[in-house]
**Student:** 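Let me give you the structure first, and then I'll get to my questions.
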Amino acid sequence: MSAADDWTRRGVIGGGAALLAAGTARAIPPLPSVIVRCAAGAFAGAPLGPGVNGVTAFKGIRYGRAERFRAPVPEHRAGEVVSAFAFGPVSPQSSRQYQPQSEDCLFLNIWSAHANRPARKPVMVYIHGGAYANGSSTDPLNDGRHLAARGDVVVVTVNHRLNAFGYLYLARFDPRFPDSGNAGQLDLVLALKWVRDNIAACGGDPARVTVFGQSGGGAKIATMMAMPAAKGLFHRAATMSGQQVTASGPLNATARARAYLARLKVGERDLSPLLTMPQERLVEALNAVDPILGGGVYFGPVLDMRSLDRHPFWPDAHPQSLRVPMILGNTRQETGAFIAPDLPKLKGLTWDNLAERMAPELRVDILPEWVVAQYRAREPGWSSTQVFYAATTAGRSWPGQVIEAEARARAGTPAYVYQLDFASRTDPRRGAFHTMDIPLVFGTLGAPGSQTGTAADAQAVSQAMQDRFVAFAETGVPGRGWPQYDLATRATMIFDTRSRVERDPRGWEREIFARVPYIQPGT
């Protein structure tokens, strides 16, 4: 092994001097620090101390740079020791939850209990949610220390460009921006290349890389499974309440770009003002009205015939993805996250107004009165609120997962399906809502934003989910007793206080919405 491949623990004098010599502005934590050396440079991380099994965190490692609306390029820091003690900026976005924000946001974070090459542990790369518009890897729910300590894996989280910075399709207006509609996806591809080339120095096995992601993160993973540039960069995939059956068509993406440019008062014949405009103005314009869907303008991956030359799961599972085993998950009451029980839509809800209020939330063109009648016939004891949440989840949030699982079953390639039934412990009315599985998989039960509670029941579900995800990362199979999904049995792992496998759970709900076509929002 060459000196460039060695890793060392440096004391106060040696480590501190090396970092100060590098001219870094970030604060240096109590030393000794852990320094890893790899092709991209040398990075000093912070041991997290007792209670986390010797995990070292490397935060804010730059994996690339990018000019606005262009594909990213890799970043190498050979010869320097770079401090990796603080998270890097997050992509500009309308949410002010995460700070600081900068379009210079191509940073990743690593947690490893054995930051040395002989460890060769499975690698789990998490892609955050927030659709394609918001979110950050720096959310406390996404902290990788507990999963790395308990699961004997190396955990990586990634920031990338979002909304207009990552998905504004300008190629049909200006040939200077051929990759603009999928720049955010190309950021993720570049991050995975960084992992392939460098993660061994942190104890990871580049031949066993699992990508996992919730909501928009899952959708980005499904999209990468159809991107030639991502081929071979990951070996298993797990999506949590996030699917991408089809991408945005280029004509719809162009119409959205036109609406966005109009909001900025920028003509489509001269896009030069976009290149110097402050990022804050680009964020403000995200409230432009979407000409296809209404509401705020949608940005997401584009069928640009360059980075993406066919849809991920239409007309079938992309052939490139068939060698990659998948976990596909959803929560039992997804829409409890989007439509809070105290919102006007649910206040005063009765059987007389249920169909009217529910209709726009189903996101498919089906007779809502008929849907209500079906639910009342099958579950006469349910309240109007229970039917509202069940039907909107089954019509809006579940079909994409069913389509993807069925497509893989037809192709004879592994798909393992789960449903999370473990409900919120802080607001039980919301049930097992969208995002509930994040703290359970990461083990961040007590982090801000978690609604799992920290009692024994939540710990048991978390342990079950972590066991299955780690087994999947290690072998491509999520342990014993969880069969592959097929069209005959539709075997589904139910994660709850008593986790178990069921045949075709909620099958009658699935059949209700199978009567009408599902169109991916944004397509």
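Computed from a prediction, not measured in an experiment: that's the story for all the values here.
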**Student:** Do we see a donor-acceptor contact under 3.5 Å between the side chains of D457 and T497?
**Tutor:**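 T497 and D457 do not have a side-chain donor-acceptor pair below 3.5 Å.
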**Student:** Stepwise, does the side-chain contact (heavy atoms from CB on, under 4.5 Å) test hold for Y126 with Q214?
**Tutor:** CA-CA 8 Å; Y126 183 73; Q214 192 273 339; 3.4 Å; yes
**Student:** Does one side chain, of R408 or Q484, offer a donor that lies under 3.5 Å from an acceptor on the other?
**Tutor:**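 Per modelled atom types, R408 and Q484 side chains form no pair under 3.5 Å.
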**Student:** Salt-bridge test for R490 and E406: reply yes if a basic N is under 4.0 Å from a carboxylate O, no otherwise.
**Tutor:**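 Yes.
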**Student:** Check R410 with D486, please: is the shortest side-chain N to carboxylate O separation under 4.0 Å?
**Tutor:**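 No, no charged N to carboxylate O under 4.0 Å.
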**Student:** If we only count heavy atoms from C-beta on, is the T223 to P301 side-chain gap below 4.5 Å?
**Tutor:**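 The answer is yes, as the side chains (C-beta and beyond) meet within the 4.5 Å cut-off.
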**Student:** Is it true that the NZ or CZ of R332 lies under 6.0 Å from the centre of W398's six-membered ring and within 45 degrees of the ring axis?
**Tutor:**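 No, a cation-pi geometry is absent between R332 and W398.
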**Student:** Just by distance, no angles: are the side chains of S215 and S241 close enough, under 3.5 Å, to form a donor-acceptor pair?
**Tutor:**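 S215 vs S241: no donor-acceptor pair found between side chains.
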**Student:** Between F299 and Y260, is the ring centre distance below 6.0 Å?
**Tutor:**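 That pair passes the under 6.0 Å test.
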**Student:** Checking W111 against D143 for the side-chain contact (heavy atoms from CB on, under 4.5 Å) test, could you report, in this order, the C-alpha distance in whole Å, the side-chain angles of both residues, the deciding distance, and whether it holds?
**Tutor:** CA-CA 9 Å; W111 288 265; D143 190 296; 3.6 Å; yes
**Student:** Would you call D205 and K121 a salt bridge, taking side-chain N to carboxylate O under 4.0 Å as the test?
**Tutor:**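 Salt bridge between D205 and K121, a charged N being under 4.0 Å from a carboxylate O: no.
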**Student:** What do you reckon, is NZ of K231 surrounded by more than 12 foreign heavy atoms closer than 6.0 Å?
**Tutor:**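 Atom NZ in K231 is not crowded, with 12 or fewer foreign heavy atoms closer than 6.0 Å.
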**Student:** Taking the side chain as every heavy atom from C-beta outward, state whether L282 and F165 have any pair of such atoms under 4.5 Å apart.
**Tutor:**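 The answer is yes; the side chains approach within 4.5 Å.
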**Student:** If every non-hydrogen atom of V364 is compared with every non-hydrogen atom of P517, which pair is closest and at what distance?
**Tutor:**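 Distance-wise, the nearest heavy atoms are CG1-O, 4.1 Å.
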**Student:** Using a strict threshold of under 4.0 Å (side-chain N to carboxylate O), is an ion pair present between E361 and R396?
**Tutor:**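 Salt bridge: yes.
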**Student:** In this structure, which one of T452, L147, L445, D467 forms a side-chain contact (heavy atoms from CB on, under 4.5 Å) with S462?
**Tutor:**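 Considering T452, L147, L445, D467, a side-chain contact (heavy atoms from CB on, under 4.5 Å) with S462 is found only for L445.
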**Student:** Using only atom types and a distance under 3.5 Å, with no angle test, would you say the side chain of S180 pairs donor to acceptor with the backbone of L168?
**Tutor:**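 Looks like yes, one N/O pair under 3.5 Å.
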**Student:** So that I know where these two stand, are H434 and F338 an aromatic pair - ring centroids less than 6.0 Å apart?
**Tutor:**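 Ring centroids of H434 and F338 are less than 6.0 Å from each other.
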**Student:** Checking T157 against N109: is there a side-chain donor and acceptor pair closer than 3.5 Å?
**Tutor:**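 Side chains of N109 and T157: pair found under 3.5 Å.
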**Student:** Roughly how far apart are F442 CZ and I438 CD1, rounded to 0.5 Å?
**Tutor:**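 Answer rounded to 0.5 Å: 8.0 Å.
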**Student:** Evaluate the side-chain proximity of M225 to M326: yes if any heavy-atom separation is below 4.5 Å, no if none is.
**Tutor:**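 The answer is yes; the side chains approach within 4.5 Å.
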**Student:** Ignoring hydrogens and geometry, is there a side-chain-to-backbone donor-acceptor pair from Q333 to R430 under 3.5 Å?
**Tutor:**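 Yes; judged by distance alone, with no hydrogens or angles, the pair exists.
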**Student:** Is there a donor-acceptor pair under 3.5 Å between the side chain of D179 and the backbone N or O of N182?
**Tutor:**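 Judged by distance alone, no pair lies under 3.5 Å.
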**Student:** Go through the steps for V209 and R196 under the test side-chain contact (heavy atoms from CB on, under 4.5 Å), then give the verdict.
**Tutor:** CA-CA 8 Å; V209 174; R196 178 196 63 194; over 6 Å; no
**Student:** Checking H318 side chain against P312 main chain: does a donor-acceptor pair fall under 3.5 Å?
**Tutor:**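 Absent.
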**Student:** Check K347 against R357 and note the closest heavy-atom contact, atom names and distance.
**Tutor:**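 Closest pair (atom of K347, atom of R357, distance): O-NH1, 2.6 Å.
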**Student:** Do W482 and F495 make the cut of ring centroids closer than 6.0 angstrom?
**Tutor:**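 Yes - the distance between ring centres of W482 and F495 falls below the 6.0 Å cut-off.
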**Student:** Decide, yes or no, whether a salt bridge links R429 with D342 under the criterion of side-chain N to carboxylate O below 4.0 Å.
**Tutor:**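 Counted as a salt bridge, because a side-chain N and a carboxylate O are separated by less than 4.0 Å.
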**Student:** Look at the side chain of R500 and the backbone N and O of R498, then say whether any donor-acceptor pair between them is shorter than 3.5 Å.
**Tutor:**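 Here the side-chain-to-backbone pair exists.
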**Student:** Relative to F422, does R425 satisfy both conditions: NZ or CZ under 6.0 angstrom from the six-membered ring centre, and within 45 degrees of the ring's axis?
**Tutor:**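 Output yes; distance and angle both within limits.
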**Student:** Would you please indicate if the ring centroids of F472 and F212 are separated by under 6.0 Å?
**Tutor:**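 Distance test on ring centres: not under 6.0 Å, no.
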**Student:** Any idea which heavy atoms bring A391 and M358 closest together, and the distance?
**Tutor:**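 Taking A391 first and M358 second, the nearest heavy atoms are CB-SD, 3.6 Å.
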**Student:** Less than 4.5 Å apart, any side-chain heavy atom of L346 and any of L343?
**Tutor:**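 No, every pair of side-chain atoms sits at 4.5 Å or beyond.
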**Student:** Could you go step by step and tell me if L328 and Y418 meet the side-chain contact (heavy atoms from CB on, under 4.5 Å) rule?
**Tutor:** CA-CA 6 Å; L328 292 152; Y418 78 79; over 6 Å; no
**Student:** Under the 3.5 angstrom rule, does the side chain of S91 hit a backbone N or O of R161 as a donor-acceptor pair?
**Tutor:**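 Side chain of S91 to backbone of R161: no pair is present.
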**Student:** Can any side-chain N or O of T392 pair as donor or acceptor with the backbone N or O of Y389 at less than 3.5 Å?
**Tutor:**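 Yes.
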**Student:** Ignoring hydrogens, what is the shortest heavy-atom contact between L308 and M227? Give both atom names and the distance.
**Tutor:**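 Residues L308 and M227, closest heavy atoms: CD1-CG, 3.9 Å.
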**Student:** Using ring centroids (six-membered ring only for Trp), state whether F388 and Y375 fall under 6.0 Å.
**Tutor:**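 No, too far apart.
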**Student:** Testing the 3.5 Å rule here: is there a donor-acceptor pair between the side chains of E511 and W508?
**Tutor:**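 Side chains of E511 and W508: no pair found under 3.5 Å.
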**Student:** Answer with yes or no after comparing the ring centroid distance for H160 and H128 against a 6.0 Å cut-off, counting only values under it.
**Tutor:**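 Yes - the distance between ring centres of H160 and H128 falls below the 6.0 Å cut-off.
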**Student:** I need the minimum non-hydrogen distance between A409 and Y485, along with the two atoms involved.
**Tutor:**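 Distance-wise, the nearest heavy atoms are CB-O, 3.8 Å.
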**Student:** Do T426 and Q451 pair up side chain to side chain, a donor and an acceptor below 3.5 Å, judged on atom types alone?
**Tutor:**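 The criterion, which ignores hydrogens and geometry beyond distance, is satisfied for Q451 and T426.
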**Student:** Taking N353 for the side chain and T350 for the main chain, is one N or O donor matched with an acceptor at less than 3.5 Å?
**Tutor:**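 The answer is yes, because a donor-acceptor pair under 3.5 Å joins these two groups.
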**Student:** Quick one: closest heavy-atom pair of L420 and M436, and the distance?
**Tutor:**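 Nearest heavy atoms, L420 then M436: CD2-CB, 3.7 Å.
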**Student:** Do D139 and S136 have side-chain atoms, one donor and one acceptor, less than 3.5 Å apart?
**Tutor:**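 No, no side-chain donor-acceptor pair sits under 3.5 Å.
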**Student:** Heavy-atom count around Q99 CD within 6.0 Å, excluding the residue itself: above 12?
**Tutor:**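 Yes, enclosed.
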**Student:** Give a yes or no answer on whether the side chain of Q459 reaches the backbone of T454 with a donor-acceptor pair at less than 3.5 Å.
**Tutor:**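 Present.
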**Student:** Are side-chain heavy atoms of V195 and V123 found at a separation under 4.5 Å?
**Tutor:**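 Yes, side chains in contact.
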**Student:** Is it true that R256 and S248 share a donor-acceptor pair across their side chains at a distance under 3.5 Å?
**Tutor:**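 The answer is yes; a qualifying pair exists.
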**Student:** Are any side-chain N or O atoms of T523 and backbone N or O atoms of I519, one a donor and one an acceptor, separated by less than 3.5 Å?
**Tutor:**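 Flag not set: sc T523 to bb I519 has no pair under 3.5 Å.
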**Student:** Is the shortest side-chain heavy-atom distance between R515 and W370 below 4.5 Å?
**Tutor:**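 Yes, side chains in contact.
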**Student:** Are any non-hydrogen side-chain atoms of I327 and V417 less than 4.5 angstrom apart?
**Tutor:**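 The answer is no; the side chains never approach within 4.5 Å.
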**Student:** Can you confirm whether F513 sits close enough to I366 that some side-chain heavy atom of one is under 4.5 Å from a side-chain heavy atom of the other?
**Tutor:**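 Sidechains of I366 and F513: in contact.
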**Student:** List for me each residue that meets side chain to side chain contact (heavy atoms under 4.5 Å, CB included) alongside A359, sequence neighbours excluded, and say none if there are none.
**Tutor:**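 Partners of A359 by the side chain to side chain contact (heavy atoms under 4.5 Å, CB included) criterion, ordered by chain and then number, come out as P368.
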**Student:** Just checking, any donor-acceptor pair under 3.5 angstrom between side chains of N330 and Q243?
**Tutor:**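 Their side chains do contain a donor-acceptor pair, which is all the 3.5 Å distance test asks for.
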